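Since the structure is predicted, the reported quantities are computational estimates derived from the model, not experimental observations. Side chains included, hydrogens not; waters and symmetry mates left out as well; all remaining heavy atoms used. We number each residue from 1, following the sequence as shown. Every number for a ligand or one of its atoms is a count from 1 in the order of the listing.
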Amino acid sequence: MTKKIFHSILLAAVFVLLASLVIIMGCLYDYYRNVQEKQLRDELHLASYGVETGGSGYLEQLASPYRFPSVADYRLTWITADGEVLFDTHVPAAEMENHSDRVEVREALAEGESEGVRYSQTLTERTLYCAQRLSDGTVLRISISQLTVFALAMGMLQPILLTAIIAVILSALLAHRMAKSIVAPLNRLDLDRPLENDAYEELSPLLGRIHQQHRQIEAQLRELRRKTEEFEQITENMNEGLVLLDGKGVILSINPAAQKIFHADNSCVGQDFLVVDRNHEVSLAIQTALKGGHSEIRAGRNGREYQFDISRITADSLTAGTVLLAFDVTEQATAERSRREFTANVSHELKTPLQSIMGSAELLENGLVKQEDVPQFVGVIRTEAARLVRLVEDIIHLSQLDEGIAPAREQIDLLELADSAASALRERAEERHIDLSVSGENLMVDGVRSFLYEMFYNLIDNAIKYNLDGGKVEAVVLAGDTGATVSVKDTGIGIPPEYQARVFERFFRVDKSRSKASGGTGLGLSIVKHIAQYHHADLNLHSTVGEGTNISVAFSADK
Ligand code: ADP
């Protein structure tokens, strides 16, 4: 801007200078010409008088430059009425041509006087002339050569140029100082507080607008900050991982949950997503989402299973990037897996007794069984059918517990319930000479009677099944640290340590044939586990192979 102002001022100064020069020269030249014309006329009048009185002698006298140096400037020509030159102060009259065709001669002869200007061929010189008719009818003409304005200017070129250079330098200095002084207040403007400036009045509307824009920008920034904080608060408290990527896969934002999944921190913002996750499948899914709009994959991270949902973000129908949402689906995946396993196991468990029943029935039907063996086959059918009934009952129980169907709760005396379950199994215990006892305190819990009966029944049933003939089973109800604790202890075969955690899984059996022989379904302990969970009780197992097993359920009074 300083440059522009400087150039403008300089240009204006140079223009004014040149214009002044032209005008001054024009005026001076004009004045000088007027003076000269007047002098020329005066000289002509004097010379006319001289010629009228002294004839050509007067003119000869004038022609001598030593005596009248001024005659060198003027040229006098005496011409007869028919154009013949009688005398000329510069050229001998004999050498001169007839002047009858000259305008000034013709005008002087006609009007008595005439004057005019004639330019030389080079335009550098011009001739002023005046002519007068004398009393004898001859014409006296006086003329003087002078330089034209152009020639004059050319002659004065050196001083003009010198003056111009000095003027340009002075103008340049002046323009420089002026430009600086104009720009200085502009440079001092405080645009952060536009209204507090006291520069040029003309800037007030502009400063007013800047102030207004400042306020608008501040309001927009406040709004933006509020939205960013809101967004951060939401994403920080999300359980799902959230990553925002731009169109090139560079991370724009990553929430704490996603940082945990990808083992990253906030420093990865601004870097390529590949820096936090090199998995080819995820990169491929991002590319697919960029092209197709959406993609999803499942992948394991840190021993957990995640579902990654990736969606394209578009702004003004242009792809702005992608948003990646990571859901922890470990529980869901485990549940799906165990449901699949359960279905497979149930089918298998149902098929085995059914095949047995079918086989025995077919043999009986075809009369292939000897009469004395018939009771044995019928016995097989009854046992297997009974197993099927138990299995179906257990599955129904489990599905009830899975579904969370909640029968009515009531205050239950645990000792009384343990006693009643033991009574139902006492005959079986006696068959194997097992000493079955129930002891403890009459402690009450808030629970579902049928569920808790089932729990006691399964625990005591197992303690008998996996016991040695003549062994011992003790069901005890005592007050524990947090509430009533029930434990069923036996002196049976025990459970090897590596299977102790697995015996609560559905259909898991340590010894399959022993379990089946004793009518086990493989679901007893998993039902116990579910019932304990349902009553918010803690389940504990202590077992030593060859010594026996103790399974306890600790209820909590405040749950
Ligand atoms: P099952 O119908 O086979 O008894 P459970 O779920 O009740 O199924 O038990 C799972 C497995 O745990 C049993 O097959 C058995 O191997 C083992 N088990 C359960 N209770 C005892 C116990 N008291 N002593 C030894 N092993 C046991």
Counting heavy atoms under 4.0 Å, the part of Phe508 that contacts ligand 1 is backbone

Quiz item: When only distance counts, is Ile551 in polar contact with ligand 1, meaning an N/O pair under 3.5 Å?
Solution: no

Under 4.0 Å from one or more heavy atoms of Gly522, ligand 1 contributes atoms 1 (P), 2 (O), 3 (O), 6 (O), 8 (O)

| request: Tell me whether the guanidinium CZ or amine NZ of Arg301 lies under 6.0 angstrom from the six-membered ring centre of Tyr306 and within 45° of its axis. | output: no

Leu186 meets the side-chain contact (heavy atoms from CB on, under 4.5 Å) criterion, sequence neighbours left out, with Met1, Leu189, Tyr200, Leu203

Does any N or O in the side chain of Arg390 come within less than 3.5 Å of the main-chain N or O of Gly520, such that one atom is a donor and the other an acceptor? no

the protein heavy atom lying closest to atom 7 (O) of ligand 1 turns out to be Asn462 ND2, 2.8 Å

Numbered in order shown, the ligand 1 atoms found under 4.0 Å of a heavy atom of Val510 are 14 (O), 16 (O)

Closer than 4.0 angstrom: is that true for some heavy atom of Asn458 and an atom of ligand 1? no

Note: ligand 1 atoms sitting under 4.0 Å from heavy atoms of Leu523 are 6 (O), 8 (O)

**Asked** When you check the gap from the basic side-chain N to the acidic O, do Glu384 and Lys516 get nearer than 4.0 Å?
**Response** no

Honestly, for Leu525 the part within reach of ligand 1 (heavy atoms, under 4.0 Å) is both

Using distance alone, determine whether Ser526 and ligand 1 share an N or O pair under 3.5 Å. no

Only one of Asn462, Ile493, Asp490 passes side-chain contact (heavy atoms from CB on, under 4.5 Å) with Asn467, and that residue is Asp490

the protein heavy atom lying closest to atom 26 (N) of ligand 1 turns out to be Ile495 CG1, 3.3 Å

The protein heavy atom nearest to atom 4 (O) of ligand 1 is Tyr466 OH, 2.7 Å

Of all protein heavy atoms, the one nearest atom 23 (N) of ligand 1 is Asp490 OD2, 3.0 Å

Checking heavy atoms under 4.0 Å, the part of Lys512 that sits near ligand 1 is neither

Tell me whether ligand 1 is touched by Gly492 - counting only heavy atoms on the residue side and a distance under 4.0 Å. no

Residues 464-500 vs ring-ring contact (aromatic ring centres under 6.0 Å, His included), sequence neighbours excluded, gives Tyr499-Phe508

When distances are taken from atom 3 (O) of ligand 1, the protein heavy atom at minimum range is Ser515 OG, 2.5 Å

The side-chain contact (heavy atoms from CB on, under 4.5 Å) partner of Leu415 among Leu478, Val476, Leu443, Val438 is Val438

Legend entry - Salt-bridge criterion met for Glu230 and Arg226 (N-O under 4.0 Å): yes

Closest to atom 12 (O) of ligand 1 among protein heavy atoms sits Val503 CG1, 3.4 Å

Checklist entry - Do other residues, nucleotides or ligands put more than 12 heavy atoms under 6.0 Å from the CD atom of Glu498? => result yes

Numbered in order shown, the ligand 1 atoms found under 4.0 Å of a heavy atom of Lys465 are 1 (P), 2 (O), 4 (O)

| message | Could you check whether Glu431 pairs with Arg428 (Lys NZ or Arg NE/NH1/NH2 to Asp/Glu carboxylate O, under 4.0 Å)? | response | no

With Leu414 as partner, the option from Asn442, Val553, Val486 fulfilling side-chain contact (heavy atoms from CB on, under 4.5 Å) is Val486

